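Note that ligands are numbered from 1 as they come in the structure, with each ligand's atoms numbered from 1 the same way. Just so we're clear, the structure is a prediction, and the values are computed from it rather than from any experiment.
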Amino acid sequence: MKLATVWLGGCSGCHMSFLDLDEWLIDLSAQVDVVYSPFVDVKEYPKGVDVVLIEGAIANEQHLELIHKIRERTQTIISFGDCAITGNVTALRNPLGSAEIVLQRSYIETADINPQIPHAPGIIPPLVDKVLPVHQVVAVDIYLPGCPPSAPNIRAVLESLLKGEKPLIAGREIIKFG
Ligand code: SF4
């Protein structure tokens, strides 16, 4: 299985939970080829990915561009954690109305010295006005909730996929937000 993990607008807590798989990561590494991830040094999302775990919501233009590429190149997309599924923490800025209001508050109004909004075209991607969960931009195949999803639940989903089965996301233990 060609496995990818992607870090969009999230705190990396979902990836930390993935690392909580501990020694099972050794078993997993024997069964998958990790082709793209914050854990590996690959710059371009490759073609022919079987499964991707997507952490985080769509919060900037780089996320928007990448998620379309991911959809084109991936068989199974898993919305990995509450930010990917609902927007969660990343979407808390949505009621403020626009990215500009958030930037003004963060970098101008509350600055002690040298107030300025970071601007580096091609390096710092512009924020989108409204943070979106992944499924509002591209089709999602599997939803794995949690903030973050627990390591046992991540393992259960990956084990099903490795057996060629669709994971059963049912019951209080796995359908658990927060
Ligand atoms: Fe962080 Fe929770 Fe969002 Fe995962 S779901 S990226 S742990 S805030």
Query raised in the report: Is it true that R71 and D141 have a side-chain N and a carboxylate O under 4.0 angstrom from each other?
Result: yes
**Report entry** Residue part near ligand 1, for M16, under 4.0 Å between non-hydrogen atoms
**Finding:** neither
Report summary line: Listed as residue and atom, the protein N/O/S atoms under 2.8 Å from atom 2 (Fe) of ligand 1 are C147 SG
Report task. Go through the side-chain N and O atoms of T5 and Y36 and say whether any donor and acceptor fall under 3.5 Å apart. Result -> no
Report task. Answer yes when E100 and R105 have at least one side-chain N-carboxylate O distance shorter than 4.0 Å, and no when they do not. Result -> no
Query raised in the report: Is any side-chain N of the basic residue among K47 and E72 closer than 4.0 Å to the acidic one's carboxylate O?
Result: no
Query raised in the report: Would a hydrophobic clustering, with Ile, Leu, Val, Met, Phe, Trp and Tyr connected at side-chain separations under 4.5 Å, put L66 with L127?
Result: no
Query - F18 and F39 aromatic ring geometry - parallel, tilted or perpendicular at 30°/60° bounds - result: parallel
**Report entry** Under 4.0 Å to a heavy atom of E55 - the qualifying atoms of ligand 1, by number
**Finding:** 6 (S)
**Report entry** Within residues 96-137 or reaching into it, pairs that qualify as ring pair (Phe, Tyr, Trp, His ring centres under 6.0 Å) - sequence neighbours excluded
**Finding:** H135-Y143
